[in-house]
2 protein chains.
Amino acid sequence: MPVKPFIDTLAIVGVGLIGGSFSLALKRQAAVRHVVGIGRSRANLERAHGLGIIDRIAQQAPEGVAQADVVLLAVPTGQYPAVLRSIAGHLKAGAVVTDAGSTKQDVVAHARQYLPGHCARFVPGHPIAGTERSGAEAAFADLYNGKRAVLTPLPENDATAIALVRSLWEACGADVSEMSPLLHDQVFAAVSHLPHALAYALVHMVSASERRDALFSFAASGFRDFTRIASSSPEMWRDICLSNRDALLDEIDTYQGELARMRGLIEKPDAEALLALFSRARHAREAWRAGADIPSE
Amino acid sequence: MPVKPFIDTLAIVGVGLIGGSFSLALKRQAAVRHVVGIGRSRANLERAHGLGIIDRIAQQAPEGVAQADVVLLAVPTGQYPAVLRSIAGHLKAGAVVTDAGSTKQDVVAHARQYLPGHCARFVPGHPIAGTERSGAEAAFADLYNGKRAVLTPLPENDATAIALVRSLWEACGADVSEMSPLLHDQVFAAVSHLPHALAYALVHMVSASERRDALFSFAASGFRDFTRIASSSPEMWRDICLSNRDALLDEIDTYQGELARMRGLIEKPDAEALLALFSRARHAREAWRAGADIPSE
């Protein structure tokens, strides 16, 4: 049974879907007494306050984090340098800093650069949850329930800091695992960043067509679900694509090769090989959904 | 108000999700008295009979269609030549034949080749509905409710035959439109066939990776929805890809160009252009979902 955490003051930088849901989940578990919201958009922070997601709106980041026992960064990773610069030197001694960014190698580099004196208590994290909706009003307490969360601890991390961050995500209902920042970025380039890029590309292509009205008017549920993630925050996904550029470019190249091979089977045509490819894909997906082993062929 | 249709005997070739749901919807509307099921899999037909989807299992296609006022083909289009050959000469005079195939130019060609004497009453159709599930047990009466259905009539079609097929789909709750087989195949290559090919390619790529277990274990709801259509029937999608080969190859080429352009923006990196691309895509998708006009830029 995991130890139930309790922290007095939590500061959240970026009170949107991710940061707001973290607060709601911890409040429901009575795992936090007081939540301070920090962010660029006053209107969003006021909505968050009105929704009971945060207890206080910080005027500035330095005073917002000054009393915090835990600070969660939940902004697009492109904002990390500015945010880390603004809070450096203002953190309470012993405060634990963590984040929810979708890429981890760049976050580790930013932490080393901007919080060099605090790296023992900076524990990078990434909850594997989200919807295509953004902003405080999208937050809900169950977002992380039954989902996974990944921590990519630094070699110099205090064990107590890692344990605290783990226990907070567990209190949100998440199943927590640890891996290296490099492996994290490679895995998520393949199963998250690449699909987002592919979905944005398809919607952009259709919207750029002269026939866009006819095309969208006959697009149905398959198109809707395939492209759901293209309604995600453009700013966040620009940052992810650029933060994880090398791994994502590798995955795009592999994908283009896969698509070119499929194109060849259609052009030839090789009905048997095309059926085999579709069948293997379907079989693998069904095994995944059923929680079974993924067949190697 | 559309005229409520009534037909005495309906024969369905292929009693799966599409054919079975057509029967259930018409039965609920009391628009048909007797439904005969024809198919390759005796076990599937028996399930359909047990579920009340069909009233009788035909031993052979010729006797199955002999008394039918309307015949619906709802098998993968690769089976059309064999099916049309088997029923040619066995149709009742005046029987209307229609289909639910996802491609239309090839269906028109098959009809002209195999039912040359019956083309005045062969009305090609395509309901824009489906799920990734297959077989009689996947059928449900509401599948077509609020969805679109496209007819691509032949120049020689009897107006009464077109009107009857239209009224049947309307009785299923569908919104019916007409277009040419060529335009149909181009539109659906872009918004349906291409996304299916892209989803199969992604799942195949991940399943072929040496890291497949780690990759699938961290794949989340974005991946799940993006790849839902890769759980569709491999046989049906092989047939669609090959039937609509030229239009699909064009769309794959356009998509590869789009993806290469996005790759260039990531590699450069051009943060501003990448943000603009993602924002345009999101904006177009949101407009589509809201039923608003699609912005041209």
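The model shown is predicted, which means the values in this text are computed figures rather than measured ones. We use all heavy atoms of the structure for the numbers below, so side chains are in, but hydrogens, waters and symmetry mates are not. Note on naming: letters A, B, ... go to the chains in the order of the sequence lines (proteins, then strands), and numbering restarts at 1 for each one.
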Checklist line | Heavy-atom side-chain proximity of A:Ile294 to B:Leu215 below 4.5 angstrom | finding: no
Notebook entry, point to check: Considering only heavy atoms, which portion of A:Arg289 lies under 4.5 Å from any heavy atom of chain B: side chain, backbone, both, or neither?
Noted result: side chain
Notebook entry, point to check: Would you say A:Arg245's side chain and B:Glu267's backbone share a donor-acceptor pair under 3.5 angstrom?
Noted result: yes
Next item on the list: Could you tell me which portion of A:Ser209 (side chain, backbone, both or neither) has an atom closer than 4.5 angstrom to a non-hydrogen atom of chain B?
Entry: neither
Check: Which atoms form the tightest heavy-atom contact between A:Cys241 and B:Leu274, and what is the distance?
Finding: CB-CD2, 4.0 Å
Check: Of the non-hydrogen atoms in A:Arg282 and B:Pro234, which two are nearest, and what is the gap between them?
Finding: NH1-CD, 3.5 Å
Check: Are any non-hydrogen side-chain atoms of A:Trp288 and B:Val206 less than 4.5 angstrom apart?
Finding: no
Margin query: To the nearest 0.5 Å, what is the distance between OG on B:Ser207 and NE2 on A:His283?
Written below: 10.5 Å
Note to self: Just so I know, are the side chains of B:His126 and A:Phe218 near enough to count as touching, which here means a heavy-atom distance under 4.5 Å?
What the structure shows: no
Checklist line | Pick from A:Arg261, A:Met179, A:Gln186 with the largest number of heavy-atom pairs that fall under 4.5 Å of chain B | finding: A:Gln186
Next item on the list: Examine distances only and state if a side-chain atom of B:Tyr255 and a backbone atom of A:Ala201 form a donor-acceptor pair shorter than 3.5 Å.
Entry: no
Next item on the list: Please state whether the side chain, the backbone, both or neither of A:Glu210 comes within less than 4.5 Å of a heavy atom of chain B.
Entry: neither
Note to self: How long is the straight-line distance from CD of B:Glu235 back to CG of A:Leu275, given to the nearest 0.5 Å?
What the structure shows: 7.0 Å
Check: How long is the gap from CZ on B:Arg285 to CZ on A:Phe223, to the nearest 0.5 Å?
Finding: 8.0 Å
Note to self: Around atom CG of A:Asp293, are there more than 12 heavy atoms from other residues, nucleotides or ligands closer than 6.0 Å?
What the structure shows: no
Margin query: Heavy-atom cut-off 4.5 Å, strictly under: side chain, backbone, both or neither for A:Ala287 against chain B?
Written below: neither
Checklist line | Residue among A:Ala284, A:Gly222, A:Pro195, A:Ser192 with most heavy-atom pairs under 4.5 Å to chain B | finding: A:Pro195
Checklist line | Nearest-0.5 Å distance that lies between atom CE in A:Met205 and atom CG in B:Leu259 | finding: 11.0 Å
Check: Relative to chain B, which segment of A:Ser279 carries a heavy atom at a distance below 4.5 Å: side chain, backbone, both, or neither?
Finding: both
Checklist line | Point-to-point distance, once rounded to the nearest 0.5 Å, from CD1 of B:Ile266 to CD1 of A:Ile240 | finding: 11.5 Å
Item checked: Gap between atom CG of A:Leu183 and atom CZ of B:Arg211 - 0.5 Å precision -> 5.5 Å
Item checked: Where A:Ser231 and B:Glu286 come nearest, the two heavy atoms and their spacing -> OG-OE2, 2.7 Å
Notebook entry, point to check: Is atom CG of B:Asp250 surrounded by more than 12 heavy atoms (other residues, nucleotides or ligands) closer than 6.0 Å?
Noted result: yes
Checklist line | Among the listed options B:Val203, B:Asp239, B:Leu248, the residue most often paired with chain A at heavy-atom distances under 4.5 Å | finding: B:Val203
Next item on the list: Could you tell me which of B:Ala197, B:Ala129, B:Gly78 has the largest number of non-hydrogen atom pairs under 4.5 Å with chain A?
Entry: B:Ala197
Notebook entry, point to check: Where the side chain of A:Arg228 meets the backbone of B:Phe226, is there a donor-acceptor pair that is under 3.5 Å apart?
Noted result: no
Check: Would you say A:Arg148's side chain and B:Ser217's backbone share a donor-acceptor pair under 3.5 angstrom?
Finding: yes
Note to self: Tell me which of these, A:Ile128, A:Leu242, A:Leu265, has more heavy-atom pairs under 4.5 Å with chain B than the rest.
What the structure shows: A:Leu242
Next item on the list: Under 4.5 Å, counting heavy-atom pairs only, tell me which of A:Ile252, A:Val150, A:Leu202 racks up the most with chain B.
Entry: A:Leu202
Check: If you count heavy-atom pairs under 4.5 Å with chain B, which of A:Leu198, A:Leu194, A:Asp213, A:Asp246 comes out on top?
Finding: A:Leu198
Next item on the list: Using non-hydrogen atoms and a 4.5 Å limit, figure out which bit of A:Ala260 sits close to chain B: side chain, backbone, both or neither.
Entry: both
Note to self: Between A:Ile229 and B:Asp225, is the side chain to side chain contact (heavy atoms under 4.5 Å, CB included) condition met? List the steps.
What the structure shows: CA-CA 8 Å; A:Ile229 49 182; B:Asp225 290 355; over 6 Å; no
Margin query: If you count heavy-atom pairs within less than 4.5 Å of chain A, which of B:Gly130, B:Ala214, B:Ser232 leads?
Written below: B:Ser232
